[in-house]
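In what follows, chains are A, B, ... by sequence order, proteins preceding strands, each numbered from 1. What you see is a predicted model; the values in this text were computed from it and never measured.
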Amino acid sequence: MTRARFAPSPTGYLHIGSAHTFIFNWLYVRKHQGKLVLRIDDTDVDRNTQASLDSIYDGLNWLALGWDECYRESDRLEVHRKLADELLAKRFAYRDFTPAAADVPEDRPHGEGPWLCNPDMRALSGEESDRRAAAGEPFVIRFRVQRDPAYEVAFHDEVYGPQSKLTADIEDFALLRSNGLPTYHLASCADDIDMKITHVIRGQDHLSNTFKHILIFQGANAPLPRFAHLPLLIAPDGSKLSKRKHGPVVSVTTYRDKGFLAVAYINFLCLLGWSPKDNREQMTLYELTSAFNLDGVHRSNAVVNFSEADPIDPKALWLNSQHLRSIPVAVLAPLVRKTLEEQGLEPPADEVFFHHVIDTIRTRFSTLLDFATKGRAYFSDDYPIEKQALEKLDAPGARELLHELANRIESDPEFTEASVERDLRKLAEERGVKAGLIINSSRAALTGQPVGPSAFAVFTCIGRERVIRRLRKV
RNA sequence: GGCGCUAUCGUCUAACGGUUAGGACGGAGCCCUCUCAAGGCUUAAAUACGGGUUCGAUUCCCGUUAGCGCUACCA
C-alpha cells in the first residue's frame, strides 16, 4: 500500500510551493490507490500560530482535493523522543552539553570548512553523559555521524536519480533540542517510520537533508521509503518566493480571492516542474491523475512568471479561462452564484435562465470575478455606461431607433434570439440604416459596454421586461 | 568556504545520439464577424560557455560560469 505524506509547518499561510508539493503527493497517491497523510509539522512551538494553521486549512479546503489521515506532530512527541532514546541507547547518538549558540562561532570565516561536531562531547563516556544528564545539565542529542572518510551514504531518488555523499561531509546534526522538543529531522523520520510512509515526496530543498534522514532510518533499523524530490517554484529573478519580498502572489488563497477555479489553479501548478510529455496543457483532475508520473517531473526549478505590473502568471489566467468555458455549466453555476452574492449582486432564481446567461457570457471571461464586474449588467440594473458605449448611443438616430425597437419587442409575442433578430433587421431595413448601427447601440444600451456577446444573445440574457425598460431609458 | 543539485525561445515545457530543435502562454499579423472575446491560420523568439567521446551531440563525459539548496538546539 502506497502511503505518502504532506507535512506543512504552520508558520505562515499555505504557500504555493507547498500547494505544489501537496498536489504532486495527492496525484501520486490517487494514481497508485494509496493513502495521503496530512501531517502538521508544528514542532517549533515558537513560530507556530493558530492563524497560520487556519490559513493552511483554508488553502487546502479551497483546493478541495482532500486527504485520508491527519495528525499533528506536536501530539506525537513521545514517538519522537522514543526514537531519540533508542538511538542514544544504541550509541548512534550522543548528548552534547555545549551551551546553545556557543558551538558554532558567529563569524566562522570562510575557507575553514564546516562545523562537523564537538569532539569532546562525542567522546564522552556513557557513564559521564548519564551522570551529567541526571545532574540536570541541559543537552542536545546529536546523531553520531560515521567519521570514516571512506564511508558514504547513497540512495536512489525517483526524480534526481542516484545520489551519494560522504558522511565525512555531514555534521553531527541535532535530533532533540535542549528543551526536549524534536528537531525537524527527528520528528519527520520518526513519524515516517511510525506511519509506515512508503513514499517521501517533497521539495528539492530537502534533497541534501535526505542523507541525514537515511542515517536516522538506518539507525532505527527501519525500512527506507522511496524518495522523490520536486523542483522548487521560484520568482522571476531566481530567488525563492517569499511573502516579504513578493507579497500575496505566494499565497494560494490569493488565487481563490481573485476568482480562480481550484481545478484550473491545480492544473497550472501541475505544469510547473512536470509535463505529461504529449503537449497537453488544459487537463481535468481525472486526466492529471492518470497522466501523472514521477518520470515526467523536472529537475530544474520553475519560475512563476509574475511581475508588479502583472501579479498573475499569464498562463495561470489563460488556463483559468479555458476551464471556465469548458467545465459543465451546472458545476460552474454555484461558484458564479456565490461570487455574485459576495459582490452584493442578486443572481436570478431561475436556474435554467441563470445557466443560459452564464453559458453566453463565460467565453470572454477569465475569472469568476469577471461575472460580477464585466458581467454586472446581466445581474443588476445598476451598471455603469462606459465611454465608448456612450459614443455608440450618441450615433445619429441611435436613440430614436432604440426606442422604436423597444416598441417592436414589446409587441413581439415570441421574444427569442431569432425573433428579436427579425424585429431588429426589419426595423433597419425600413429606416434604411445598417443593422450594425442598431445592433451595436443595443448592446451599449443593454450592458453599458461597447463589447460583449452577440447582441441577440444579450437580449435573451437580459430578459424582455428589462430590455424594454433599458432601451427606452437611453 | 565545503557538500549537493540544476542549466532548451521572455515564461512553462517536448525532443531519453541522427528533427527544418516541437507545443503552449505572452507578443506581432491575417481570417472569421453586429462589437469584443473565442476559434482558425501565419510569424518573431532557445539548446549558457569551452573542451572532449562519436561518423554524428540539446542529449554522454570533463571543466568554466551562473543559479538554487544544505551547511541552526528553523523547517
Side-chain angles (χ1 to χ4, degrees), chain A residues 7-9 11 41-44 46-47 96 98-101 103-104 108-116 138-142 157 160 163-166 168-171 173-179 181-185 187-188 203-212 229 231-232 234 236-240 268 271-282 295-296 298-306 310 313-319 321-322 325 361-366 374 388-389 392 421 424 434-444 449-456:
Chain A
S9 81
T11 52
D41 185 354
D42 56 356
T43 52
D44 184 7
D46 295 338
R47 302 202 315 162
D96 182 347
T98 313
D103 51 357
V104 182
R108 170 159 35 96
H110 285 314
E112 278 188 14
W115 173 90
L116 288 172
F139 59 86
V140 55
I141 296 182
R142 295 187 180 281
D157 189 274
Y160 287 85
Q163 304 291 314
S164 67
K165 185 168 183 165
L166 263 13
D169 290 321
I170 302 173
E171 77 283 3
F173 54 95
L175 297 169
L176 200 71
R177 297 181 265 207
S178 54
N179 63 4
L181 293 174
T183 63
Y184 160 73
H185 302 300
S188 173
Q204 188 241 58
D205 47 344
H206 288 300
L207 189 59
S208 27
N209 283 332
T210 306
F211 298 107
K212 296 173 191 168
H229 288 85
L232 267 20
I234 56 175
D237 67 356
S239 65
K240 66 176 183 182
F268 169 68
L271 261 21
L272 294 176
W274 173 78
S275 163
K277 294 178 187 279
D278 55 9
N279 284 344
R280 274 185 297 171
E281 304 260 24
Q282 187 201 347
D295 288 341
H298 248 225
R299 284 181 285 274
S300 50
N301 294 343
V303 170
V304 179
N305 197 15
F306 63 87
D310 197 2
D313 189 313
K315 194 146 194 172
L317 211 52
W318 173 77
L319 236 17
S321 64
Q322 294 300 308
R325 73 193 45 148
I361 61 184
R362 66 170 166 172
T363 58
R364 62 212 79 214
F365 291 170
S366 53
K374 295 181 190 171
Q388 282 160 305
K392 305 237 183 221
E421 177 161 8
L424 188 148
K434 285 166 82 174
L437 172 69
I438 313 181
I439 288 172
N440 290 323
S441 51
S442 300
R443 184 188 297 103
Q449 294 166 345
V451 301
S454 156
F456 306 115

Whole-Å distance, Leu319(A) CG to U13(B) P, equals 13 Å
Scanning all shown strands, the Watson-Crick or wobble mate of G27(B) with both distances under 3.5 Å is U43(B)
Separation of U59(B) atom P from Arg299(A) atom CZ, nearest Å, is 14 Å
Partner of U59(B) under the Watson-Crick or G-U wobble criteria, both distances under 3.5 Å, comes out as none
**Report entry** Residue pair Asn209(A), Phe173(A): steps toward the side-chain contact (heavy atoms from CB on, under 4.5 Å) verdict
**Finding:** CA-CA 10 Å; Asn209(A) 283 332; Phe173(A) 54 95; over 6 Å; no
When rounded to the nearest 0.5 Å, the distance separating CZ of Arg443(A) from OG of Ser454(A) is 7.0 Å
Taken to the nearest whole Å, NZ/Lys212(A) to P/C73(B) is 9 Å
note: Glu171(A), atom CD; G1(B), atom P; distance rounded to Å ~ 19 Å
If you look at every strand shown and take non-hydrogen atoms under 4.0 Å, does Asn209(A) touch a base, only sugar-phosphate, or nothing? base
Quiz item: For Thr43(A), which contact category applies under a 4.0 Å heavy-atom criterion: base, sugar-phosphate, or nothing?
Solution: sugar-phosphate
Whole-Å distance, Tyr160(A) OH to C3(B) C1', equals 16 Å
Of the listed G69(B), U11(B), G1(B), the closest approach to the Val303(A) side chain comes from U11(B)
- Without swapping roles, check the side chain of Ser441(A) against the backbone of Lys392(A) for a donor-acceptor pair under 3.5 Å. no
*Report yes if at least one side-chain N or O of Lys277(A) is closer than 4.0 Å to OP1 or OP2 of U13(B); otherwise report no.*
no
Just do the ring pair (Phe, Tyr, Trp, His ring centres under 6.0 Å) check on Phe211(A) and His206(A) with the steps written out, would you?
CA-CA 9 Å; Phe211(A) 298 107; His206(A) 288 300; over 10 Å; no
As its Watson-Crick or G-U partner within any shown strand, both distances under 3.5 Å, A21(B) has none
Atom NZ of Lys165(A) with >12 non-hydrogen neighbours under 6.0 angstrom: yes
Discussion item. Does Ser208(A) contact C70(B) through a side-chain donor or acceptor facing the base, at a distance under 3.5 Å?
Written reply: no
### Message
Please evaluate residues Leu207(A) and Asp157(A) with respect to the criterion side-chain contact (heavy atoms from CB on, under 4.5 Å), reporting the C-alpha separation (whole Å), side-chain torsions for both, the decisive distance (0.1 Å), and the verdict.
### Response
CA-CA 9 Å; Leu207(A) 189 59; Asp157(A) 189 274; 3.8 Å; yes
Q) Taking the C1' atom of each, how far is G4(B) from C41(B), in whole Å? A) 48 Å
Exercise for review: Using a heavy-atom cut-off of under 4.0 Å over every strand shown, decide if Gln163(A) touches base, sugar-phosphate, or nothing.
Suggested key: sugar-phosphate
Atom NE2 of His185(A) and atom P of C70(B) are separated, to the nearest Å, by 10 Å
request  = Looking at every strand, decide which applies to His206(A) at a 4.0 Å heavy-atom threshold: base, sugar-phosphate, or nothing.
outcome  = base
P gap between A7(B) and U13(B), integer Å: 11 Å
Trp115(A) atom CH2 is separated from C70(B) atom P, nearest whole Å, by 17 Å
**Study point:** Whole-angstrom distance between A14(B) and C60(B), as gauged at atom P
**Key:** 14 Å
### Query
Reckon Lys240(A) touches a base, only the sugar-phosphate, or nothing at all at heavy-atom distances under 4.0 Å?
sugar-phosphate
Rounded to the nearest 0.5 angstrom, the CG-CG distance for Leu232(A) and Asp205(A) is 5.0 Å
The Watson-Crick or G-U wobble partner of U33(B), with both key distances under 3.5 Å, is none
Measuring only the C1' atom in each nucleotide, how far is G50(B) from G40(B)? A whole number of Å is fine.
46 Å
Per nearest nucleotide of RNA chain B, the residue lying toward the 5' end, Ile234(A) or His298(A), is His298(A)
Got a salt bridge between Asp313(A) and Lys315(A), using NZ or NE/NH1/NH2 to carboxylate O under 4.0 Å?
-> no
In B/S/- notation (B base, S sugar-phosphate only, - none; protein heavy atoms under 4.0 Å), nucleotides 23-39 of chain B written 5' to 3' is BBS--------BBBBSS
(request) Quote, to the nearest angstrom, the P distance that separates G26(B) from A38(B). (result) 8 Å
* Is the backbone N or O of Phe306(A) less than 3.5 Å from a side-chain atom of Asp310(A), with the two atoms forming a donor-acceptor pair by type? -> no
Taken to the nearest 0.5 Å, the spacing of Tyr184(A) OH from Lys212(A) NZ works out to 10.0 Å
If you measure from the C1' atom in U20(B) to the same atom in G39(B), how many Å do you get, rounded? 28 Å
Roughly how many Å apart are A15(B) and G22(B), using the C1' atom of each and rounding to a whole number?
7 Å
Would you please confirm or rule out a distance under 4.0 Å between OP1 or OP2 of G4(B) and any side-chain N or O of Lys165(A)? no
Of the candidates G1(B), C73(B), U13(B), the side chain of Ser178(A) sits closest to C73(B)
Rounded to whole Å, the CG-P distance (Leu181(A) to C74(B)) equals 9 Å
Closest of C12(B), G1(B), C74(B) to the Pro114(A) side chain is G1(B)
As its Watson-Crick or G-U partner within any shown strand, both distances under 3.5 Å, C5(B) has G67(B)
* Asked: When you compare C16(B) with U54(B), how far apart are their P atoms, in angstrom units rounded to a whole number?
  -> 23 Å
By the Watson-Crick or G-U definition, both distances under 3.5 Å, A15(B) is matched with none
